[in-house]
Amino acid sequence: MEQVLPVENIPDNIWEHIASNFKRRTVGSCIHTGSVIAFDGYIVTVSSLPCIVGSLCRITNESGSSVTGEVVRIGEYSVDIVPHDNSFSISIGDKAVLMEVTQDVHVGPELLGRVIDGLGNPLDDSGPLVCGNKRHLNGSSVNPFQRNEITEVLDVGIRNINANLTIGRGQRIGIVAGSGVGKSILLSMIAKSAEADVVVIALIGERGRELASFTSQVLASHSRDKVVVVAVPADRSPLLRIQGAKRATAIAEHFRDEGKNVLLIMDSLTRVAHAQREVGLALGEQPTSRGYPPSVISLLPALIERTGTSVANSGSITAIYTVLADGDNVTSDPVVDTARAILDGHIVLSRDLAQLGIYPAVDLNQSVSRLMTEIVETEQLQSSKLLRKYISKYYENRDLILMGGYVQGQDADLDKAMQLWPSIIDFLKQDADEKCDYETSLKTLIGLVSGA
């Protein structure tokens with residue numbers, strides 16, 4: 001059962017042991033401890049502690065080693081904890097200490113230029129990290145009617161997106177594609193070229209090699225005093241992957257509330273959903289659509305709705321999420337479908353375009369920016385619609401054209417599309433190290449569709 005010792009009665013040698021293995025924290029005026037009574041290899045059951053779901057605990061085994069974990073379920077006489085390291089050795093009788101009832105994220109300018117993990121520990125070689133401010137890990141709800149309107153264009157440095165899928169400051173957008181189509185490359189281009197005061201990058205559940213290369217590229221392209229990287233590779237606990245996504249969002253919220261325009265990039269939202277699926281199924285939730293329990297569908301909007309414009313100042317969080325479409329299914333995958341319904345737009349990448357060597361492989365006719373009509377001029381909208389029509393016309397008749405079965409003069413729009421097709425391909429292509437600002441993108445689009 002739980003042991004509660006008044007702080008003043010704890011001997012000095014016990015404090016030394018706690019200080020060496022735990023962070024010295026108190027809940028109220030007591031140290032609350034419990035004992036492990038069951039462990040199934042994933043969930044640790046501990047005698048009752050005065051905590052809530054989401055509380056942070058530390059478990060110490062007989063050898064003196066310790067691991068942190070999060071409370072995921074509370075019973076009448078026990079609590080269930082999922083450790084942050086699934087390979088940690090835990091035995092019956094091991095001690096658990098309640099560290100934080102509500103988890104907070106340490107935030108501040110000290111984070112700029114740093115790389116941290118899902119618990120906020122530094123992963124770089126820049127020394128210890130001490131921040132002066134705190135925010136709640138799960139954020140706080142915002143009245144949507146009090147949010148500022150989105151009126152400004154965010155220049156992402158990519159010609160096709162700037163011209164045809166214009167993104168506004170404070171917009172939430174998804175990059176949807178199957179594996180190996182270029183999501184991470186497109187994200188890297190946006191991260192290096194977008195105009196933002198602070199760039200927060202969450203690399204969740206990705207390959208360790210990719211984490212290192214992506215981070216080095218982005219830090220080399222920006223001054224280090226505007227980038228924060230939260231990295232949780234694929235071999236970490238599912239709870240750490242969820243923690244990393246929430247921590248990156250909380251960091252972005254902090255800088256937004258300081259009046260800064262923040263770019264939040266998360267690669268990938270699907271890995272966060274997979275992590276929640278693992279936790280939900282382990283807790284006994286019933287799988288619904290394609291094996292995803294209901295907690296996954298509730299986690300995604302809770303995470304995404306924390307971004308956007310501010311209610312108190314001119315700050316904003318422009319959020320860009322990658323969404324992996326299993327088997328290139330961009331319509332019926334439950335995570336893709338949920339993300340498309342919540343986000344303010346989506347950019348679909350086409351494997352067919354990628355196989356033709358067109359990068360970024362943006363499928364313009366399946367992609368949409370829901371705020372573009374509100375933040376750009378009529379001339380740009382009309383030019384973008386014309387370009388979409390020419391691309392659609394060409395692909396509808398591509399086989400006929402390649403077989404030589406089409407005679408020019410039968411369809412004026414198709415004739416124009418065939419005439420402009422080499423220029424359209426040049427417009428869609430862009431090298432990874434090339435940057436095209438918004439004004440240049442707009443002029444190029446207008447000149448293209450007018451035949452200039």
Side-chain angles (χ1 to χ4, degrees), residues 41-44 53-57 67-73 80-88 103-105 115-123 136-139 174-175 179 183-184 187 200-212 214-215 228-253 264-283 285 287 291-304 306-307 319-326 333-336 338-339:
Y42 189 86
I43 297 177
V44 183
V53 172
S55 295
L56 187 66
C57 298
V67 65
T68 56
E70 184 175 322
V71 175
V72 294
R73 182 164 51 198
D80 289 340
I81 300 171
V82 174
H84 291 141
D85 183 359
N86 292 334
S87 62
F88 184 77
Q103 293 192 57
D104 293 321
V105 176
V115 181
I116 61 176
D117 65 10
L119 292 175
N121 301 314
L123 294 175
H136 196 279
L137 179 68
N138 294 309
I175 299 176
S179 58
K183 296 187 303 299
S184 296
L187 268 191
V200 180
I201 301 173
L203 303 175
I204 310 298
E206 298 299 321
R207 298 178 293 275
R209 176 198 59 79
E210 191 172 85
L211 296 182
F214 190 100
T215 300
V228 183
V229 179
V230 181
V232 186
D235 61 343
R236 298 299 190 265
S237 159
L239 271 180
L240 278 182
R241 282 174 258 154
I242 299 170
Q243 285 258 13
K246 292 181 177 180
R247 183 172 295 272
T249 305
I251 292 170
E253 287 176 317
L264 172 64
I265 293 177
M266 189 172 295
D267 187 12
S268 74
L269 191 65
T270 304
R271 305 301 184 194
V272 179
H274 288 175
Q276 182 61 41
R277 177 171 61 180
E278 290 184 48
V279 176
L281 294 178
L283 291 174
E285 284 190 69
Y292 288 97
S295 60
V296 174
I297 308 304
S298 62
L299 171 66
L300 298 183
L303 189 65
I304 293 171
R306 293 170 60 182
T307 62
I320 301 178
Y321 303 91
T322 61
V323 185
L324 177 64
D326 290 337
D333 183 278
V335 174
V336 175
T338 300

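Note that these values count all heavy atoms, side chains included, but never hydrogens, waters or copies made by symmetry.
Nearest heavy atoms, V105 versus A250: CG2-CB, 4.0 Å. Of all heavy-atom pairs spanning E285 and S295, the tightest one is OE2-OG, 2.7 Å. D117 and L119 make their closest contact through OD1-N, 3.0 Å (heavy atoms, listed as atom of the first residue, atom of the second, distance). S237 and D85 get closest at one heavy-atom pair: CB-N, 4.5 Å. The shortest non-hydrogen separation linking A202 to A248 is CB-CB, 3.6 Å. Contact record, Y321 with I304: OH-CA, 3.8 Å, taken as the closest heavy-atom pair.
Here the OG1-CE distance, from T307 to M266, works out to 8.5 Å after rounding to the nearest 0.5 Å. In this structure, OG1 on T338 lies 11.0 Å from CG on L299, to the nearest 0.5 angstrom. Note that the CZ atom of R241 and the CD atom of E278 stand 4.5 Å from one another [nearest 0.5 Å]. Rounding to the nearest 0.5 Å places CG of N138 at 4.0 Å from NZ of K246. Going from atom CZ of R247 over to atom CG of L240 covers 9.5 Å, rounded to the nearest 0.5 Å. Distance check: I320 CD1 to D267 CG gives 11.5 Å after rounding to the nearest 0.5 Å.
No side-chain heavy atom of Q276 sits less than 4.5 Å from a side-chain heavy atom of P238. Residues I43 and L283 meet the side-chain proximity criterion, which asks for heavy atoms closer than 4.5 Å. Side-chain contact check for F88 versus P83: every heavy-atom pair is 4.5 Å or farther apart.
Judged by distance alone, with hydrogens and angles left aside, the side-chain atoms of Q103 form a donor-acceptor pair with the main-chain N or O of G54 at under 3.5 Å.
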- Query: Given L324 and R271, is the side chain to side chain contact (heavy atoms under 4.5 Å, CB included) satisfied, shown in steps?
  - Reply: CA-CA 8 Å; L324 177 64; R271 305 301 184 194; 3.9 Å; yes
- Task: Just do the side chain to side chain contact (heavy atoms under 4.5 Å, CB included) check on T322 and T270 with the steps written out, would you?
- Result: CA-CA 7 Å; T322 61; T270 304; over 6 Å; no
